[in-house]
Asker: 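Below you will find the structure I want to go over with you.
Letters go in sequence order (proteins before strands), and every chain restarts at 1.
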Protein chains: 2
Amino acid sequence: MPDQPTSGLLRATIDDVAREAGVSTATVSRALRNHPYVADSTKQRILQVADQLQYVANSNASRLASGQSRTIGLLAPLLTSWYTSEVVAGVEDVLAHARFDLLIGTANPLARERMFRGDARFHQRIDGVILVDVFCSEAGAAKLADLETPVVVLGEQLRSITSVSVDNERGARLAARHLIELGHRRLAAVGGHAHMDVAHNVPTERLRGFQSALEAAGLKLPAQYVEDGDFTIEGGRTAMHRFLALPKPPTAVFLMSDEMAYGALWALREAGLRPGVDISLVGFDDHPVAESVGLTTVRQPVREIGRLGARLMLDTLDGFGAVMHHPIELTLIERETSGPPR
Amino acid sequence: MPDQPTSGLLRATIDDVAREAGVSTATVSRALRNHPYVADSTKQRILQVADQLQYVANSNASRLASGQSRTIGLLAPLLTSWYTSEVVAGVEDVLAHARFDLLIGTANPLARERMFRGDARFHQRIDGVILVDVFCSEAGAAKLADLETPVVVLGEQLRSITSVSVDNERGARLAARHLIELGHRRLAAVGGHAHMDVAHNVPTERLRGFQSALEAAGLKLPAQYVEDGDFTIEGGRTAMHRFLALPKPPTAVFLMSDEMAYGALWALREAGLRPGVDISLVGFDDHPVAESVGLTTVRQPVREIGRLGARLMLDTLDGFGAVMHHPIELTLIERETSGPPR
DNA sequence: CTGAAAGCGCTTACAG
DNA sequence: CTGAAAGCGCTTACAG
């Protein structure tokens with residue numbers, strides 16, 4: 001039976017450990033946080049007593065005393081999308097293990113403004129900020145780099161800030177080339193976020209990549225073959241219906257998210273058309289449901305992106321890790337919704 | 001320009017507000033937290049100064065001083081499922097607005113044991129616990145009710161503990177009756193979690209309801225018409241393939257989650273069978289993708305369940321809210337995967 | 001209705 | 001390598 005210097009119902013405090021180990025609380029504090037200059041024998045004894053008493057430092061007290069919040073802020077334009085939830089899950093996972101809290105906020109214009117301005121009251125509560133799909137560009141990144149608060153950007157490649165992103169142009173090219181190789185000549189693309197006040201580089205880059213692959217094959221992308229699908233199922237459905245209503249509909253469509261592709265699949269069913277036979281579809285993400293509907297798609301390891309982002313933030317706070325860009329691999333997964341044109 | 005008694009870069013503290021308003025910090029603390037016995041004029045002045053200084057209490061300090069952690073624990077057997085993520089999103093939403101933290105844990109046997117035992121060290125860090133789909137039964141609930149820590153149970157109807165749940169038997173009956181009315185006589189069911197060490201009432205209740213509806217119609221549910229789909233896409237696919245391999249396959253299948261239904265849809269496509277024509281399918285949840293694949297399903301407002309659970313917890317902590325069960329409405333959504341048998 | 005003061009449980013210069 | 005002590009920013013009996 002472990003000794004219980006206080007009532008069995010109360011959590012052990014640092015004083016309990018200090019008393020039991022016959023040292024001061026300062027030494028306990030140092031020993032438990034691996035500070036240098038603690039005699040090895042002392043440290044061993046403290047560790048043992050702490051373990052015996054099942055001592056865990058009160059995080060409110062240690063944060064108050066140290067002035068470190070151990071809290072990371074995360075800003076994203078859309079919190080409810082599958083993509084963002086996955087990223088957040090990855091971030092949360094790593095942060096929780098490091099005993100950091102996560103403060104999530106929407107990247108509305110006000111929050112962005114505060115970020116770029118380096119609003120002290122905003123920063124004082126957090127040790128660092130992770131930006132998910134918040135369009136910065138090099139100009140904004142330069143300002144961010146000037147702040148006292150460490151920033152990690154997810155979804156965009158930046159020079160002056162630690163960032164992790166996929167090569168969107170390449171992903172779109174993968175999709176386009178696949179369809180071109182199958183023999184398609186009339187290709188269309190569905191993006192989104194054109195209406196959002198928060199600028200978004202993702203659809204822009206993907207469209208550029210898609211376009212460049214078409215051009216390389218001597219093909220054109222007419223304006224009526226580009227639609228805004230709002231990155232939602234419903235948006236993808238509407239976009240596909242628009243294509244189908246065209247005098248000369250495309251034979252293949254690239255949708256910049258799997259969710260939009262589900263909407264397109266829905267539209268095809270409504271029109272009595274067979275995906276991969278009458279019209280080919282390629283998505284982007286490899287969402288959990290994609291495999292079951294046979295969707296050909298460009299896979300990106302979303303949760304991994306979140307995990308890596310969190311780790312980079314932790315490294316930065318530890319003083320490790322230089323500012324650099326971390327590219328993430330993209331893979332084309334061929335399934336049943338893409339096939340040769342009729 | 002607002003006065004800045006301290007450097008513009010530092011967050012205002014309660015002392016700044018007290019000095020500026022010409023009162024003591026005790027009065028500021030009371031005024032800001034709506035305590036009684038603060039003169040109205042004093043309160044107004046303090047509120048104004050606080051607003052001007054953009055004062056926000058340091059939560060570490062207030063939690064340390066008050067001894068209240070303002071943290072709710074959440075335990076669930078499976079954290080990565082869509083269902084749990086939705087519940088958590090609902091809980092988090094309400095809790096964040098109330099400035100409560102959420103501590104998420106897996107409901108593994110150890111954690112459960114600590115719960116039921118009322119382990120002090122576990123409870124000392126949280127103000128309350130929300131249990132999501134952790135099987136308790138009345139016996140376990142009675143023990144939980146004895147703890148000092150408030151508990152809210154989600155997913156099971158209990159007498160001695162505040163709980164919110166859907167009527168699983170009724171939901172399954174809705175699905176069965178719909179299929180029977182369409183003319184089906186050979187009905188099958190896919191559940192899951194039979195192998196989990198954490199007992200699970202959900203599939204049990206749904207199976208019971210399904211069975212009772214069949215019996216009421218003079219039908220039987222043979223053992224080979226019941227499969228464990230593990231509540232995953234892959235599990236649903238495997239289960240459906242087993243049914244199809246039977247000498248006399250069912251003409252309609254009830255899957256206890258939409259994700260399993262996606263797997264069943266996949267299996268049908270692999271077998272060249274048309275859902276709603278060759279075989280009818282009914283799911284459970286109304287997952288975001290369900291509508292786009294035309295899945296007939298029993299809708300439950302999952303995020304709402306999480307929201308309500310969190311609100312009940314907050315009410316309990318405030319001393320409001322009696323122990324009671326809160327039932328949630330279930331609706332059958334008829335779509336294209338269900339139709340008359342061939 | 002209000003204030004002086006103790007205390008929450010840690011961390012961290014400072015001195016030894 | 002170690003300890004005494006101040007301090008982090010609040011809350012809350014206690015006294016008035």
Asker: Got a sec, which pairs hit salt bridge (charged side-chain N to carboxylate O under 4.0 Å, His left out) with one end in residues 38-66 of chain A, sequence neighbours left out?
Answerer: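 Every pair satisfying salt bridge (charged side-chain N to carboxylate O under 4.0 Å, His left out) with a residue in residues 38-66 of chain A: A/Arg63-A/Asp101.
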Asker: Roughly how far apart are B/Leu103 CG and B/Asp127 CG, rounded to 0.5 Å?
Answerer: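 The CG atom of B/Leu103 sits 11.0 Å away from the CG atom of B/Asp127.
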Asker: Pick one: which of A/Val94, A/Val91, A/Leu317 meets side chain to side chain contact (heavy atoms under 4.5 Å, CB included) with A/Phe100?
Answerer: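 In the set A/Val94, A/Val91, A/Leu317, the residue that makes a side chain to side chain contact (heavy atoms under 4.5 Å, CB included) with A/Phe100 is A/Leu317.
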Asker: At under 4.0 Å between heavy atoms, which parts of nucleotides 8-16 of chain C does protein reach? Answer with one letter per nucleotide, 5' to 3': B base, S sugar-phosphate only, - none.
Answerer: BBBSBB---
Asker: Given A/Arg307 and A/Asp93, is the salt bridge (charged side-chain N to carboxylate O under 4.0 Å, His left out) satisfied, shown in steps?
Answerer: CA-CA 7 Å; A/Arg307 280 216 183 82; A/Asp93 182 29; 2.9 Å; yes
Asker: Taking only side-chain nitrogens and oxygens of A/Thr42, does any of them come within less than 4.0 Å of OP1 or OP2 of D/dC1?
Answerer: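 The answer is no; no side-chain N or O of A/Thr42 sits under 4.0 Å from OP1 or OP2.
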Asker: Are side-chain N/O atoms of B/Ser163 and B/His326 paired as donor and acceptor at under 3.5 Å?
Answerer: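 Per modelled atom types, B/Ser163 and B/His326 side chains form no pair under 3.5 Å.
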Asker: Establish, from distance only, whether the side-chain atoms of B/Thr27 and B/Ser24 form a donor-acceptor pair under 3.5 Å.
Answerer: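 Yes - a donor-acceptor pair under 3.5 Å links their side chains.
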Asker: Considering only the P atoms, how many Å lie between D/dA6 and D/dT2, rounded to the nearest integer?
Answerer: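 Those two atoms are separated by 23 Å.
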Asker: Please give, in whole Å, the distance from C/dG3 C1' to B/Tyr37 OH?
Answerer: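 To the nearest whole Å, that distance equals 17 Å.
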Asker: As a quick check of understanding, evaluate side-chain contact (heavy atoms from CB on, under 4.5 Å) for A/Asp133 and A/Leu154, giving each step before the final call.
Answerer: CA-CA 6 Å; A/Asp133 274 3; A/Leu154 267 39; 5.9 Å; no
Asker: Using a 6.0 Å cut-off, check whether atom CD of A/Gln48 has over 12 heavy atoms from anything other than its own residue.
Answerer: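 It does not: A/Gln48 CD has 12 such atoms or fewer within range.
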Asker: Write down the distance between CZ (B/Arg19) and C1' (C/dG3), rounded to a whole number of angstrom.
Answerer: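 Checked: the CZ to C1' distance equals 16 Å.
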Asker: Defining pairs by Watson-Crick or G-U wobble geometry with both distances under 3.5 Å, how would you list the stems of DNA chain D with at least three pairs each?
Answerer: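 Stem list for DNA chain D: C:1-3 with D:14-16, C:5-12 with D:5-12, C:14-16 with D:1-3.
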Asker: Pick base, sugar-phosphate or nothing for A/Ser59, based on heavy-atom distances below 4.0 Å to the nucleic acid.
Answerer: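 No contact at all - A/Ser59 keeps every heavy atom at 4.0 Å or more from the nucleic acid.
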